[in-house]
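Take a look at the structure below.
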Protein chains: 2
Amino acid sequence: MADLSAGTGVPVPTIKYYLREGLLPPGRPLARNQAEYGPAHVRRLKLVRALADYGGLSIAAIAGLVRHLDDPGVAGGTLLAEAQPAVTPPPEPGGGAGAGRARRHVADLLARKGWDRLAAHPSAATLTGVLASLLELGLDDVLDRMDDYAAAAEAAAATDVRILGDVSDRERAVEVVVLGTLLGDTLIAALRRLAQAHLAGEACTG
Amino acid sequence: MADLSAGTGVPVPTIKYYLREGLLPPGRPLARNQAEYGPAHVRRLKLVRALADYGGLSIAAIAGLVRHLDDPGVAGGTLLAEAQPAVTPPPEPGGGAGAGRARRHVADLLARKGWDRLAAHPSAATLTGVLASLLELGLDDVLDRMDDYAAAAEAAAATDVRILGDVSDRERAVEVVVLGTLLGDTLIAALRRLAQAHLAGEACTG
DNA sequence: GCCAGTGGGTAGTGCCGCTATCCATCGAGG
DNA sequence: CCTCGATGGATAGCGGCACTACCCACTGGC
């Protein structure tokens, strides 16, 4: 429908494409060449665009996510778990030199934080991969500061959980989880850039 | 050279491709069909792969970055400024409903933090775009918590600056800035996921 | 009746990150 | 000295992804 396109700024052929890919549920058919799209479709479309534009997700990844959104028998935690693999590409285990050290340090960190239970979490593998890259490039200093970064991440996560707690609508909670997690990455990154620029400006530019 | 390929795990044709694209400086030619690649090339190649794999940068973006790396007359701060547009896609100004509110809130936040000077920073535009998306999807709660996220981001940035201060080698500092910023995003995101999973596990799964 | 607008499907486009192929050259082993 | 395989250099091609263009049958409103 042209209204849907006008209401979201997404061109009609793209909407058709999203319908084909299952990102958008089909409208209620009124006739053979007519279907009704409600505010739920506008909302979903905005969600899809937000995930694609700022979440950096592929269409296929969003399709997978959306399938779980439409599946009624899924809780917030489960959906979040499903969202993880969508974000992080399978980080190859890496046979490099730094990989072993990285693995050890991640294990240590998890133990220190009491996160042992999460050793198999995909993000732990991502973490190991990033650390391995940094180590191979001689950035060992990062290791000494990991606890600081972990503390900052914990603070952000605590805020995430607090926001989620405020959401009473259970149906919307899953959306909040996905949006908060994925757009939150971009949001935090942007804030970090600004803070960096501020600190650097104080130190160097004056 | 096959050594270079063996030392990094990057296939030879890809190395050729990177040479073509200027991601990798050409080796010192020993003969018409022979060139010497040193440890600097191995390092650079690892840098390129790290930025592509975990930084999410396109080849073209890395090429732009690398041009500045090879340019001797560039300071860390300048390079960081150059790195910003590479990471964040040009976020369309957005004529949506939430755009106005988002802009106002970002301006308020910058003022509160004393970051007024950074209003034109590309990350400020990204921030506005993300907020606008969140607002249009009814996630107003995030606004009330922005200061918490900003605090977490500040903490991370402070750690960044501290690490950078430990780096004495001026030549390597620019690499640290790029790596720390881009891979740091992935690193912090991974840590945040883990912290989220930990907190959610406490609250729900037990 | 007529015709813009709709849904539905197929096919094509442009870009991106490689990958394959070809060629002249050269270095080392026999 | 001569062959063989590797090297560098260049061009062309591939596969995937996110759309986009085109075509068609249909139909609601004028």
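Each chain gets a letter, A, B and so on, in the order the sequences are listed, and its residues count up from 1.
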Q. Within this structure, what is the CD-to-C1' distance between B/Glu21 and D/dA10, rounded to whole angstrom?
A. 13 Å
(Q) Under a 3.5 Å distance rule, please check whether B/Arg43 uses its side chain to pair with a backbone N or O of A/Leu137 as donor and acceptor. (A) yes
Q.
For the CG atom of A/Leu131 and the CG atom of A/Leu143, what is their distance to the nearest 0.5 Å?
A. 6.0 Å
Q. Can you tell me how far P of D/dA6 sits from CG of B/Leu4, to the nearest Å?
A. 17 Å
Q.
Is it true that A/Arg44 and A/Tyr37 share a donor-acceptor pair across their side chains at a distance under 3.5 Å?
A. no
Q | Spatial distance of atom CZ (A/Arg145) from atom CG (B/Asp160) [nearest 0.5 Å] | A | 10.5 Å
**Q.** Whole-Å gap separating P (D/dT7) and CG (B/Leu19)
**A.** 14 Å
Give me the distances for all protein-to-nucleotides 19-22 of chain D N/O pairs that come in under 3.5 Å?
from, atom 1, to, atom 2, distance (Å)
D/dC19, OP2, A/Tyr18, OH, 3.1
D/dT20, OP2, A/Thr14, OG1, 3.1
D/dT20, O4, A/Arg20, NH2, 3.1

**Q.** Distance in Å, B/Tyr54 OH paired with A/Leu134 CG, rounded so as to fall on 0.5 Å steps
**A.** 10.0 Å
Q) Okay, side chain of A/Thr8, backbone of A/Leu45: is any donor-acceptor separation there less than 3.5 Å? A) no
Q | Atom pair CD1 (B/Ile188) and CG (A/Asp185), whose distance is rounded to the nearest 0.5 Å | A | 10.0 Å
Q.
Using whole Å, what does the distance between atom C1' of nucleotide D/dC17 and atom CG of A/Leu57 come to?
A. 14 Å
(Q) Using a 4.0 Å cut-off on heavy atoms, which residues in residues 26-42 of chain A reach DNA chain D? List them by number, or say none. (A) A/Ala31, A/Arg32, A/Asn33
**Q.** Closest approach of A/Leu179 to A/Ala50 (non-hydrogen atoms, all atoms of both residues)
**A.** CD2-CB, 4.3 Å
